[in-house]
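Encoded as structure tokens, the structure appears first; notes follow it.
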4 protein chains.
Amino acid sequence: MAAVIEQARQEPQQPSDRASTPVRAGRRRSEESRRAILTAAYELLAEAGYARLTVEGIAARAGTGKQTLYRWWPGRADVLLEAVTAHARQHIPLPDTGDHAADLHAFLAATFAAATPPTTDALRALMAEAQIDPAFGERFHDTLLRPRREALGTLLARAHTAGALAPHLTPATATELAFGLLWYRLLATHEPLDGQLATLLTRTLLR
Amino acid sequence: MAAVIEQARQEPQQPSDRASTPVRAGRRRSEESRRAILTAAYELLAEAGYARLTVEGIAARAGTGKQTLYRWWPGRADVLLEAVTAHARQHIPLPDTGDHAADLHAFLAATFAAATPPTTDALRALMAEAQIDPAFGERFHDTLLRPRREALGTLLARAHTAGALAPHLTPATATELAFGLLWYRLLATHEPLDGQLATLLTRTLLR
Amino acid sequence: MAAVIEQARQEPQQPSDRASTPVRAGRRRSEESRRAILTAAYELLAEAGYARLTVEGIAARAGTGKQTLYRWWPGRADVLLEAVTAHARQHIPLPDTGDHAADLHAFLAATFAAATPPTTDALRALMAEAQIDPAFGERFHDTLLRPRREALGTLLARAHTAGALAPHLTPATATELAFGLLWYRLLATHEPLDGQLATLLTRTLLR
Amino acid sequence: MAAVIEQARQEPQQPSDRASTPVRAGRRRSEESRRAILTAAYELLAEAGYARLTVEGIAARAGTGKQTLYRWWPGRADVLLEAVTAHARQHIPLPDTGDHAADLHAFLAATFAAATPPTTDALRALMAEAQIDPAFGERFHDTLLRPRREALGTLLARAHTAGALAPHLTPATATELAFGLLWYRLLATHEPLDGQLATLLTRTLLR
DNA sequence: AAGTAATCGAGACGGTACGTCTTGTCTTGGA
DNA sequence: TCCAAGACAAGACGTACCGTCTCGATTACTT
């Protein structure tokens, strides 16, 4: 868990940066506190669930003040979002081998592989919060949902151009079918997502 | 809105009944309060969103005490669930004309037609709450999700038996694809669900 | 300590009453919580001093919620004020024997006797808060200071009418001299107030 | 206001000095920051009252860092104390003309004259803080209260030696009566202190 | 008609977390 | 060594709701 989060921030990503003044006075943001908060949030979510995940609890577990959390994130959901995106970054490549079916299958398999127990809890919480807090919903969309949707859309557009897409489907709807299935399993049935399902989806979406 | 809710309870449905003692002494449940609470919850959701929908607010708007709400529902989400199911009941028939494609299309079109603005807000809130409160999640599942999934499953099983299902698909996965698309649009993209989409789905899921 | 506070409220005094509606619905104010809060405040003041006397601490010690305190008092200072006035009520009679010197001495001696260690801490805190929060200052004035000033003023007015007041003095200034000495000792020198001082004041203020 | 404070520091007074090393390396204390802090504190007190006078507010108004304030003063009260003593220094002479009544009256009149609106707010705040923070109370006592009490004590001791004190009074109690009246007016009644009152006090304390 | 029993609106209760504010300390880069 | 800037841990503030618990009043069924 900690290991995962420590990997984030390799490239100076500045997830919630403030200004662009090149030289600034004053103490700099504590990278240690940032990581402690992300880790604490992730751990507490696993232990107690999102309903009992509180800003106070995160700060206490992380050994920081609440103000430090509020200074850098709007609330608990954004902390979780950063933790998840930091984690998920490496796992979503965009294969382009020329074999559309292989590419699609690889993408789906990688996506499904990233949606496993520690992360699924966070994803479900984030999607829930996105419904409740529209402002967070937009950030969630921009940060997590859209990039993945666009990646798959690009992949499927290539297939479409090559005439490989199943009849009647557009890249957009095919994307929605794929992610719809993913999220429906996460949110509604809680069934696992495996390679077999990736195969089935590949066959259904392509000719 | 109020009209919709007033229609519910035609058959004595006892949404959250207590015991089965046939005759009991004492004052009987106030139907007026029940309706006022359902209406107030629905209105407040539309006005302020789920984040600001509170038990206190509902009771105040309905002109009842909080205890009256807690006596008959576990919490705000269950009030909303009853309001939605009362509304949605009439709209989900299970057509069986022999024409699988027509049946499926009719089912999907009816389902999509029910998922329109006043209701979609409630559905999104309910799905969110189901992620946060697992106990409610089960009730949500049993009351709303499963019945619809089973209806579509039955319909698609008939098609499957007749060999009309698209290759590789089982009735279960086809159901997930359909509802996955529905919920993905509700939760993630907020795009409308129209008859055209029902046609596309029908063509994709059937041969 | 507790004993003192329990004596308060003998006559239904209703220190911070709300409305005058004779019949009210709803649960009634908990006398137990009220007493627990007054006692907790008094004890914590003695143990930790006014600087560390917090609303949270009082509520925690009293075993009540913070809201219960805020429902009935504006803040910690008003709790202390009620505790002190409940305590001090019995100790301030207004003697009228005809012997002005004896009356004055009795009044001062009783006043000084009430200003002893457990109470003095509270009085100093109240006077301090009165300087910092003008709104509380007015309540402090109306509840505690003025009644005592008026009592002594009445006593000294009788002496004045009988020509017993020291030359140049009015009842008002004589009152200010007496209470000025009292408060100066409480706030500035922390010297004790004894019967000897009452005698000296009596001789100085009367002929 | 600013003018008053700028006059302070004529003799190098070092209000809260550190060590006695005569010559030290490094940047020297900024007299500009010191004055800005004193002025800002005084202004903010007048504008917002002691309750809203914060270290952060003072530093922001003064254009300094908080650390600069904490480096030279223990807290906001000590800043105010320095501002007041700087102001009050010139106004309290110790007359000795041989005419005890004239001397006393002059002393009282000068003292009362110094206790006027801009300063009274600070005095009331200081006396309040002295009750709440005992450590500051001692500094307040040593810096402001005792010197004045000793001055008046000295004056009255001369009168006592000459047999001019009112019967039963000692220089100490007479001093307490005078300052008690002063502070009671400042803290409790907020009535002004005028020359007439000085006359009355002179007549009461002397034969 | 009297008694019993459950519901109702009202609202106080003990809790918990919120998001903000301020404290006093620490860490920067510059003077 | 000091300074302005500003992040930090800590902790209290006053508020908002939660779900529970009295209350007196009302409404039904049972005797």
Side-chain angles (χ1 to χ4, degrees), chain A residues 18 21 23-30 32-34 52-57 59-60 62-72 74-76, chain B residues 18 21 23-30 32-33 36 52-60 62-72 74-76, chain C residues 18 21 23-30 32-34 36 52-60 62-72 74-76, chain D residues 18 24-30 32-33 52-57 59-60 62-72 74-76:
Chain A
R18 293 171 143 242
T21 334
V23 179
R24 275 168 41 264
R27 185 175 178 171
R28 292 210 208 94
R29 177 173 184 185
S30 162
E32 194 184 345
S33 293
R34 179 184 156 272
R52 277 191 287 256
L53 179 70
T54 66
V55 170
E56 295 206 323
T64 70
K66 290 199 290 174
Q67 192 60 258
T68 299
L69 196 153
Y70 282 116
R71 210 191 320 270
W72 302 108
R76 57 177 185 161
Chain B
R18 297 168 141 244
T21 332
V23 178
R24 271 165 32 265
R27 185 172 177 174
R28 260 173 281 163
R29 178 173 184 185
S30 161
E32 195 185 346
S33 293
R52 276 192 289 254
L53 179 70
T54 67
V55 170
E56 296 205 321
I58 296 169
T64 71
K66 291 199 294 174
Q67 191 62 266
T68 299
L69 195 153
Y70 281 117
R71 213 191 317 269
W72 304 108
R76 58 174 184 164
Chain C
R18 292 171 145 245
T21 333
V23 179
R24 273 167 43 264
R27 186 173 177 174
R28 292 208 207 92
R29 177 174 184 184
S30 162
E32 194 184 345
S33 294
R34 179 184 155 271
R52 278 191 285 255
L53 179 71
T54 66
V55 170
E56 295 207 324
I58 295 170
T64 71
K66 290 199 289 176
Q67 192 60 257
T68 299
L69 196 153
Y70 282 114
R71 211 191 317 270
W72 302 108
R76 58 178 184 159
Chain D
R18 298 170 144 239
R24 276 169 21 267
R27 185 174 176 175
R28 257 173 285 164
R29 176 173 185 185
S30 160
E32 195 185 346
S33 293
R52 278 192 286 254
L53 179 71
T54 66
V55 170
E56 296 205 321
T64 70
K66 291 198 297 174
Q67 192 61 264
T68 301
L69 195 152
Y70 281 116
R71 213 190 319 268
W72 303 107
R76 59 176 183 163

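Numbers restart at 1 for each chain; the letters A, B, ... are given by sequence-line order, proteins then strands.
- Comparing A/Pro74 and B/Gly65 against DNA chain E, the residue whose closest nucleotide sits nearer the 5' end is B/Gly65.
- The separation between B/Glu32 atom CD and F/dT27 atom C1' is 14 Å, rounded to whole Å.
- Annotation: side-chain hydrogen bond (donor to acceptor under 3.5 Å, both in side chains) contacts of C/Ser30 (sequence neighbours excluded): C/Ser33.
- Look at A/Thr68 and you'll find a side-chain N or O under 4.0 angstrom from OP1 or OP2 of F/dA9.
- Judged as a side-chain hydrogen bond (donor to acceptor under 3.5 Å, both in side chains), and not counting sequence neighbours, the contacts of A/Glu56 are A/Lys66.
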Measure all distances between protein nitrogen or oxygen atoms and nitrogen or oxygen atoms of nucleotides 15-17 of chain F, and list the pairs falling under 3.5 Å.
residue, atom, partner, partner atom, Å
F/dA16, N7, C/Gln67, NE2, 3.4

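- Residue order along DNA chain E, read from the 5' end via each residue's closest nucleotide, puts A/Gly57 first among A/Gly57 and D/Gly57.
- Looking at every heavy atom in both residues, D/Arg76 comes nearest to D/Leu53 through NH1-O, 2.7 Å.
- For F/dC3, neither phosphate oxygen OP1 nor OP2 lies less than 4.0 angstrom from any side-chain nitrogen or oxygen of D/Thr64.
- Taken to the nearest 0.5 Å, the CH2 atom of C/Trp72 stands 11.0 Å off from the CZ atom of C/Arg34.
- One interatomic measurement links the two molecules: CG of D/Leu69 to P of E/dT22, which rounds to 15 Å at whole-angstrom precision.
- A/Gly63 comes within 4.0 angstrom of sugar-phosphate atoms only, judged by non-hydrogen atoms across all strands, and of no base.
- When each of A/Arg27 and B/Arg76 is assigned the nucleotide of DNA chain F bearing its nearest heavy atom, the one mapping closer to the 5' terminus is A/Arg27.
- Not one side-chain nitrogen or oxygen of D/Arg28 sits closer than 4.0 Å to the OP1 or OP2 atom of F/dT1.
- Between E/dA6 and B/Arg29, no contact under 4.0 Å exists linking OP1 or OP2 to a side-chain N or O.
- Distance CH2 (B/Trp72) to P (E/dA6): 11 Å, rounded to an integer number of Å.
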